[in-house]
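Here the structure is laid out as structure tokens; the discussion comes afterwards.
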Amino acid sequence: MEKDAKIYIAGHRGMVGSAIYRKLLSEGYTNFVVRTSAELDLRNQEAVCTFFEEEKPDYVFLAAAKVGGIMANNTYRAEFLLDNLQIQNNVIDSAHRTGVKKLMFLGSSCIYPKMAPQPLKEEYLLTGVLEPTNEPYAIAKITGIKMCEAYRSQYGSNFISVMPTNLYGPNDNYDLANSHVLPAMIRKFHEAKVNGNPFVELWGTGSPRREFLHADDLAEACCFLMENYNEPELINIGVGDDLTIKALAELIQKVVGYEGSIHWNTEKPDGTPRKLMDVSKLHGLGWKHKIDIETGIKATYQDFLSKMEAYAV
Ligand SMILES: NC(=O)C1=CN([C@@H]2O[C@H](COP(=O)(O)OP(=O)(O)OC[C@H]3O[C@@H](n4cnc5c(N)ncnc54)[C@H](OP(=O)(O)O)[C@@H]3O)[C@@H](O)[C@H]2O)C=CC1
Ligand SMILES: C[C@H]1O[C@H](OP(=O)(O)OP(=O)(O)OC[C@H]2O[C@@H](n3cnc4c(=O)[nH]c(N)nc43)[C@H](O)[C@@H]2O)[C@@H](O)[C@@H](O)C1=O
């Protein structure tokens with residue numbers, strides 16, 4: 001990307017979009033176009049077409065989406081399917097129509113079959129049945145991958161698809177019902193510590209395994225791939241290592257300094273038993289993550305503390 005190129009970061013206030021924004025600013029890029037969802041609802045096809053025709057960005061990072069943890073995905077199934085299809089269809093097609101030089105579509109590790117062999121290689125896409133709790137979201141993301149592939153093959157568009165593993169970091173969502181596990185645990189342990197609660201309730205059995213990548217590492221990988229990856233095939237972004245939800249809970253409990261106990265509510269879903277990314281393709285290109293999980297959790301806890309008033313702890 002040329003340093004003065006016009007870059008549109010869709011979802012620039014979100015955890016991922018804001019991390020990409022910070023990374024690009026730190027690398028000396030200056031020409032950005034951004035809109036909040038209130039200013040430009042990406043589900044609105046006409047508004048998105050007009051925006052692209054007026055702004056004509058050179059590069060697009062598509063980090064706007066309806067996002068949430070296992071309960072949000074399972075509860076708002078229609079919105080996770082429709083909103084995401086609308087957002088990505090509108091942005092990808094407008095990017096093509098206005099001659100965007102390159103677009104990056106962000107998918108997710110949940111696109112892979114629930115019982116796929118581990119670690120998850122890129123070629124396992126569409127080889128089996130999906131995890132039911134996030135099937136609508138996964139179907140939308142798979143459609144986004146196929147849109148990028150189709151526009152490349154029919155029109156020669158340089159649209160790439162990257163599949164991040166579970167993410168965490170600054171500007172994460174700490175809502176107890178709708179967030180992902182890592183921010184939820186930070187908030188639950190912190191509130192229990194402050195309020196002197198004897199136990200914290202967590203969901204499922206604690207036995208599923210998850211891989212976690214810090215948003216700043218993800219942003220670095222996205223910028224690296226925007227520079228160095230121009231292939232039709234999707235590419236995984238992860239750390240190549242995972243831990244059980246129980247081990248994650250113990251780590252966060254230690255960082256927060258909570259001394260009570262954990263109750264596992266097995267009425268709540270476990271979701272996919274394991275989704276560990278195979279990152280050999282990414283490593284082969286020369287990129288590897290830097291932030292280890294304990295360092296990342298400590299920094300994220302500080303981010304939570306700085307925003308705590310917003311969550312009325
Ligand atoms: N978080 C995770 O663990 C993972 C995330 N991803 C992917 O990364 C991307 C970013 O996720 P993340 O940063 O975590 O999500 P966030 O919820 O933090 O941010 C999503 C952003 O999307 C924008 N947005 C949502 N709906 C609309 C809309 N209708 N019109 C315009 N903008 C909209 C929001 O804008 P505004 O703030 O202005 O309302 C928000 O800034 C997504 O594609 C997600 O699927 C992939 C794997 C894991
Ligand atoms: C990124 C990814 O995120 C989603 O998938 P997920 O990885 O299953 O999401 P999660 O982070 O919410 O949960 C991970 C694990 O953790 C357990 N768990 C324990 N206690 C809490 C808890 O308090 N909150 C939450 N949310 N989970 C908890 C929970 O039961 C599960 O076993 C996809 O829908 C999809 O959106 C997607 O792509």
Side-chain angles (χ1 to χ4, degrees), residues 9-21 34-44 47-48 51 61-75 79-80 82-84 86-88 90-91 104-112 131-138 140-141 144 162-189 200-213 215 218-219 222 237-238 244-246 248-249 252 262-266 268-275 277:
I9 306 170
H12 71 289
R13 289 199 306 185
M15 180 173 69
V16 169
S18 62
I20 291 174
Y21 204 177
V34 291
R35 295 286 187 279
T36 65
S37 59
E39 292 163 344
L40 174 64
D41 186 340
L42 293 171
R43 295 171 300 182
N44 180 333
V48 176
F51 165 77
F61 289 88
L62 179 38
K66 174 95 180 150
V67 179
I70 191 166
M71 289 297 279
N73 269 268
N74 203 19
T75 307
E79 284 171 42
F80 271 78
L82 183 62
D83 287 13
N84 284 316
Q86 288 178 325
I87 291 170
Q88 66 205 36
N90 292 340
V91 172
M104 172 178 284
F105 172 69
L106 280 105
S108 162
S109 57
C110 70
I111 54 131
Y112 291 111
E131 155 62 26
T133 56
N134 55 33
E135 187 187 68
Y137 175 76
K141 292 292 185 185
V162 303
M163 296 308 118
T165 190
N166 287 42
L167 305 169
Y168 70 101
N171 296 328
D172 209 340
N173 167 18
Y174 296 96
D175 181 90
L176 288 176
N178 295 324
S179 72
H180 291 101
V181 61
L182 198 149
M185 282 183 180
I186 287 181
R187 179 170 171 187
K188 285 181 175 180
F189 284 125
V200 160
E201 184 188 292
L202 298 177
W203 298 349
T205 59
S207 62
R209 300 183 71 89
R210 292 290 183 272
E211 175 186 11
F212 294 94
L213 177 72
L218 174 79
C222 288
I237 306 180
T244 62
I245 292 299
K246 183 167 181 287
L248 176 75
I252 295 176
I262 298 172
H263 287 190
W264 294 97
N265 180 352
T266 53
K268 301 279 190 194
D270 266 343
T272 310
R274 192 176 191 196
K275 40 181 176 174
M277 293 294 214

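Just follow the structure's listing: the first ligand is 1, and inside any ligand the first atom is 1.
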Give the residue, atom name and distance (to 0.1 Å) of the protein heavy atom nearest atom 18 (N) of ligand 2. V181 CG2, 3.5 Å

Taking atom 11 (O) of ligand 1 as the point of reference, which of N44, L42, V67 owns the nearest heavy atom? V67

Taking distance alone, with no angle check, do S37 and ligand 1 share an N/O pair under 3.5 Å? yes

Numbering the atoms of ligand 1 from 1, which are under 4.0 Å from a heavy atom of T165? 47 (C), 48 (C)

Report yes if I87 has an N/O atom closer than 3.5 Å to an N/O atom of ligand 1; otherwise report no. no

If only side-chain N and O atoms count, and only distance matters, is there a donor-acceptor pair under 3.5 Å linking D270 with T205? yes

Using a 4.0 Å cut-off to any heavy atom of R210, which atoms of ligand 2 qualify? 6 (P), 7 (O), 8 (O), 14 (C)

Is the closest heavy atom of L218 to ligand 1 under 4.0 Å? no

Between ligand 1 and A65, is the shortest N or O to N or O distance under 3.5 Å? yes

Among Y168, Y137, F61, the residue with a heavy atom nearest to atom 45 (O) of ligand 1 is Y137

Given that the side chain starts at C-beta and the backbone is N, CA, C, O, which of these parts of M71 lies under 4.0 Å from ligand 2, counting heavy atoms, or is it both or neither? neither

Decide whether an N or O pair under 3.5 Å exists between D41 and ligand 1. yes

N/O to N/O below 3.5 Å, does that happen between R13 and ligand 1? yes

Can an N or O of A38 be found at a distance shorter than 3.5 Å from an N or O of ligand 1? no

Taking 4.0 angstrom as the limit and counting only heavy atoms of G107, give me the atoms of ligand 1 inside it, by number and element. 6 (N), 7 (C), 46 (C), 47 (C)

Nearest option to atom 22 (O) of ligand 1, as decided by whichever heavy atom of A215, A64, S179 sits closest: A64

Show me which atoms of ligand 2 lie under 4.0 Å from any heavy atom of K188. 22 (C), 23 (O)

Check whether any protein heavy atom sits under 4.0 Å from atom 34 (C) of ligand 1. no

Report the part of A138 in contact with ligand 2, treating N, CA, C, O as backbone and CB onward as side chain, heavy atoms under 4.0 Å; options are side chain, backbone, both, neither. neither

Between A249 and ligand 2, which residue portion shows a heavy-atom distance shorter than 4.0 Å: side chain, backbone, both, or neither? neither

With heavy atoms of S108 as the reference, note each atom of ligand 2 found under 4.0 Å away. 37 (C), 38 (O)

So which bit of I245 gets within less than 4.0 Å of ligand 2, heavy atoms only: side chain, backbone, both or neither? side chain

Shortest heavy-atom approach to atom 5 (C) of ligand 1 - which of V34, V48, L167: L167

Where ligand 1 meets V16 - atom numbers and elements under 4.0 angstrom, heavy-atom basis: 8 (O), 10 (C), 11 (O), 12 (P), 13 (O)

Check each atom of ligand 2 against the heavy atoms of A184 and keep those under 4.0 Å away; list them by number with element. 22 (C), 23 (O), 24 (N)

May I ask you to identify, for L40, whether its side chain, its backbone, both or neither come under 4.0 Å of ligand 1 on a heavy-atom basis? backbone

Is ligand 2 less than 4.0 angstrom away from at least one heavy atom of D270? yes

Which option wins on minimum heavy-atom distance to atom 43 (O) of ligand 1: R35, Q86, K141, E39? K141

